[in-house]
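I have placed the structure first, in the form of structure tokens, so that the comments after it can refer back to it.
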Amino acid sequence: MAERKRRLVSNELTEAALQLLATKGFDAVTIDEIATAAGVSKRTFFRYFASKEDVVVQFLAGMGADIRGELASRPAGERPSVALRYAVGVPLTTCSDHGDRALRVVRLILRTPALHARFLEHQARWRDDLAAELADRLSLDPGTDFYPRLAAGMALNAFDAVLHRWSGSDGAEDPTGLTDRAFAVIAPALDAT
């Protein structure tokens, strides 16, 4: 019950923040305004989030675990390009499924320097996790082999390119098709292990 309440308050704060930020812009919105819009105190806000950047980036925070989990679940003999393509496709499908809300968040993150910096911090952790999973999957030593880190970086660069293209098209372009096109470009390098 407590966990359910916690999720509810977190979701309320996130939704209030997204609506305010989409309307007024990132710099014009205060934490007090977000807390008031969500019907909680500023103190309650800080129990859930360290900053207003965290409110927005939280929407994408679980994506790294989803990518790694999908990679771990792919068939062992699958080509790296195929396994990574499907792994990166999971959060892009989630973005597509959440439609306008996801598009607002992605645009906000990509267009706001403070948010984009925080998002890149998350991506750096994702790259490390993805590299570790690739190393394990391919029986490589992540300390001496370049492949896991480089391949993880290429896959996440494709992810980033798709996010930019999808948000730039106002959600008109299909993330699945964009992902297929991006991975067609990098597949030869990924499969040259």
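Everything numeric in this text was worked out from a predicted model, so none of it was measured.
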- Message: When you compare the side chain of T179 with that of Y86, does any pair of heavy atoms fall below 4.5 Å?
- Response: no
- Message: Once rounded to the nearest 0.5 Å, what's the spacing between atom CD of E15 and atom CG of L20?
- Response: 10.0 Å
- Message: Show the nearest heavy-atom pair for residues L13 and V40, with the distance to one decimal.
- Response: CD2-CG2, 3.7 Å
- Note on the structure: F46 and A50 have their tightest heavy-atom pair at CE2-O, 3.5 Å
- Task: Run the salt-bridge test on R137 and E70 with the 4.0 Å N-O cut-off and return the result as yes or no.
- Result: no
- Message: I need the full list of side chain to side chain donor-acceptor pair (under 3.5 Å) pairs touching residues 25-35, with sequence neighbours left out, sorted by first then second residue.
- Response: K24-E33, T30-E33
- Which pair of heavy atoms, one from F26 and one from L21, lies closest together, and at what distance? CA-CD2, 3.5 Å
- Heavy atoms of other groups near Y48 OH, more than 12 under 6.0 Å: yes
- Message: Applying a strict under-4.5 Å side-chain criterion to I, L, V, M, F, W and Y, I'd like to know whether V82 and L140 cluster together.
- Response: no
- Message: Please determine whether side chain to side chain contact (heavy atoms under 4.5 Å, CB included) holds for the pair F49 and T14, giving the CA-CA distance in whole Å, both sets of side-chain angles, and the decisive distance to 0.1 Å.
- Response: CA-CA 10 Å; F49 300 103; T14 301; 3.7 Å; yes
- Task: With rounding to the nearest 0.5 Å, note down the distance linking CG in L115 to CG in L120.
- Result: 11.0 Å
- Message: I need the D136 CG to L71 CG distance, nearest 0.5 Å.
- Response: 9.5 Å
- Message: Quick check against the 3.5 Å criterion: does D170 have a side-chain atom that pairs as donor or acceptor with the backbone of A172?
- Response: no
- For the residue pair F119 and W126, does the interplanar ring angle fall in the parallel (under 30°), tilted (30 to 60°) or perpendicular (over 60°) class? perpendicular
- Heavy-atom distance under 4.5 Å between the side chains of R127 and L130, does that happen here? no
- Task: Would you give the length of the straight line joining atom CE of M63 to atom CG of D66, rounded to the nearest 0.5 angstrom?
- Result: 8.0 Å
- Closest non-hydrogen atom pair between F183 and A158, with its separation: CE1-CB, 3.8 Å
- Item | Min side-chain heavy-atom separation I67-V90 under 4.5 Å | no
- Task: Assess whether atom CZ of R165 is packed by more than 12 heavy atoms of other residues, nucleotides or ligands within 6.0 Å.
- Result: no
- Test side chain to side chain contact (heavy atoms under 4.5 Å, CB included) on D160 and H164 and set out the steps. CA-CA 6 Å; D160 196 54; H164 276 84; 3.5 Å; yes
- Can you tell me how far the CZ atom of R181 sits from the CG atom of L178, to the nearest 0.5 Å? 5.5 Å
- Residues sharing F146's hydrophobic cluster, by side-chain heavy-atom contacts under 4.5 Å among ILVMFWY, directly or via others? L150
- Note on the structure: In short, L156 meets Q123 closest at the heavy-atom pair CD1-O, 3.7 Å
- Note on the structure: Result for side chain to side chain contact (heavy atoms under 4.5 Å, CB included) between R107 and one of L103, V105, L110 points to L103
- Go through the steps for T176 and L92 under the test side chain to side chain contact (heavy atoms under 4.5 Å, CB included), then give the verdict. CA-CA 7 Å; T176 301; L92 292 168; over 6 Å; no
- Rounded to the nearest 0.5 Å, the CZ atom of R149 sits from the CG atom of D128 at a distance of 5.0 Å
- Message: Evaluate R118 against S51 for side chain to side chain contact (heavy atoms under 4.5 Å, CB included), listing each step before the verdict.
- Response: CA-CA 11 Å; R118 188 66 58 91; S51 67; 3.7 Å; yes
- Closest non-hydrogen atom pair, Y147 against P80: OH-CB, 3.1 Å
- Task: Could you check if a side-chain atom of L84 sits within less than 4.5 angstrom of a side-chain atom of L134, using non-hydrogen atoms only?
- Result: yes
- Message: So does L108 get a backbone contact from the side chain of T112, meaning a donor-acceptor N/O pair under 3.5 Å?
- Response: yes
